[in-house]
Amino acid sequence: MTNSSLVSEFIILGLTTRPELEKNIFIVFLIIYMVALIGNLIIFLLSIFDSATVPKMLTAYVTKSKVISYYGCVAQLFFFTWPTGVELLLLTVMAYDRYIAIGNPLRYATIINRKVCIHVAIIITIIGFLNSLTHTNCTFRLPYCDDNKINHFFCEIMPLLKLACADTYINEIVVLTSNFILGKRKAFSTCASHITIVSMYYGAVIFTYIRPRSILSLEKDKIVSALYAVITPTLNPIIYSLRNKEVKEAFKRTVKRLIQHKLKSMT
């Protein structure tokens, strides 16, 4: 290793290095983030009566500070990779769920019961946690020397590997193996919306991770990463929940109760 000092923080360059574009990018991603936030908030509230990277990016555009601490970068990578792995597994489970519902509708309630759903949710959450822990540990066991500028809009594995001042061969093998395990059993249901999400998510993840570091194009990767880090989470509540018949009915009942309560308070 060269005689260099280790970095204590990273500088996230973002989607663009042109300051005149940052205001427009902030507005676009703020709208996208609010749509995702409101969509998931609606689902959360209805079930009572699915973002680790976008807030930091929005903050950077407003404050003009693109610095993130070393441990802040560790936390961001961990809490981004965890739900990403969980969602990859969840997409596969959802495809199997649709397969059972269409292929064997009479036994669907027996096969996909509440107990099975709870067990599956716990298992994929644990697998996602272990996957994230492995990636985070492997990424930050590497030394990072003088160059601390991450050519991305958040702390992502491949851009970080580009900065490491040590051999990253083992890390690339771990990333390739993980994506093969999480993605090899992917299946497509007959639902067009599900196919769209699966295609966007797996396509972006495969493009980003299943390539050697030597042929990485970080400029292109930033745009592709936005698909699975920002766009897909925004579409999820719309496609999987807000279009669901039961959720629609719950939403209508909630709105009706609010209107009735408002009318009573006015009389």
Side-chain angles (χ1 to χ4, degrees), residues 35-52 78-136 177-206 209 227-258:
V35 170
L37 196 64
I38 292 170
N40 284 289
L41 181 61
I42 290 173
I43 301 306
F44 176 72
L45 293 175
L46 289 175
S47 64
I48 293 179
F49 257 87
D50 161 69
S51 283
F78 176 80
F79 286 108
F80 171 74
T81 309
W82 186 3
T84 299
V86 170
E87 185 159 4
L88 286 170
L89 293 169
L90 189 59
L91 288 171
T92 302
V93 172
M94 290 176 67
Y96 178 73
D97 173 81
R98 293 299 86 201
Y99 171 78
I100 297 296
I102 295 170
N104 204 345
L106 297 179
R107 296 189 57 207
Y108 176 80
T110 305
I111 299 173
I112 310 294
N113 54 53
R114 182 179 179 84
K115 184 178 180 180
V116 169
C117 291
I118 292 173
H119 287 170
V120 168
I122 292 172
I123 290 170
I124 64 175
T125 300
I126 293 173
I127 293 175
F129 173 82
L130 295 175
N131 173 67
S132 179
L133 191 64
T134 301
H135 281 306
T136 305
T177 303
S178 172
N179 281 278
F180 177 73
I181 292 173
L182 294 179
K184 71 175 182 177
R185 295 192 61 82
K186 64 179 179 179
F188 296 98
S189 71
T190 56
C191 177
S193 57
H194 185 68
I195 291 176
T196 301
I197 291 296
V198 170
S199 300
M200 287 175 58
Y201 211 81
Y202 274 107
V205 169
I206 290 171
Y209 293 110
L227 280 176
Y228 66 86
V230 180
I231 305 300
T232 303
T234 304
L235 295 176
N236 281 339
I238 299 172
I239 290 178
Y240 293 127
S241 297
L242 296 181
R243 292 177 70 243
N244 181 278
K245 183 179 178 181
E246 288 76 14
V247 174
K248 285 182 186 177
E249 292 300 322
F251 182 76
K252 288 178 182 177
R253 289 194 299 269
T254 302
V255 172
K256 187 177 179 180
R257 282 198 297 266
L258 289 174

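Computation of the quantities below employed the complete heavy-atom set of this structure, encompassing side-chain atoms and omitting hydrogens, waters and symmetry-equivalent molecules. Everything quoted here is computed from the prediction, not taken from an experiment.
For the atom pair CG (Asp97) and CG (Leu90), the distance works out to 10.0 Å, reported to the nearest 0.5 Å. In this structure, CZ in Phe80 is found 11.5 Å from OG1 in Thr136, a value given to the nearest 0.5 Å. From Thr84, atom OG1 reaches atom CG of Leu89 across 11.0 Å, with rounding to the nearest 0.5 Å. The distance from atom CG of Leu133 to atom CD1 of Ile126, rounded to the nearest 0.5 Å, is 13.0 Å. A distance of 12.0 Å separates CD1 in Ile118 from CD1 in Ile123, rounded to the nearest 0.5 Å. Within the model, atoms CD1 of Ile127 and CG of Leu130 stand 8.0 Å from one another, a figure rounded to the nearest 0.5 Å.
The two residues Ile100 and Tyr108 make their nearest non-hydrogen contact at CG2-CD1, 3.7 Å. Contact between Gly128 and Val86 at its shortest, heavy atoms only, is CA-CG2, 3.9 Å. Closest heavy-atom contact between Ile112 and Cys117: CG2-SG, 3.8 Å.
Not one N or O on the side chain of Ser132 forms a donor-acceptor pair closer than 3.5 Å with the backbone of Thr81.
At least one side-chain heavy atom of Thr125 sits under 4.5 Å from a side-chain heavy atom of Trp82. No side-chain heavy atom of Tyr99 sits less than 4.5 Å from a side-chain heavy atom of Asn104. Between Ile111 and Val116 the shortest side-chain heavy-atom distance does not fall below 4.5 Å.
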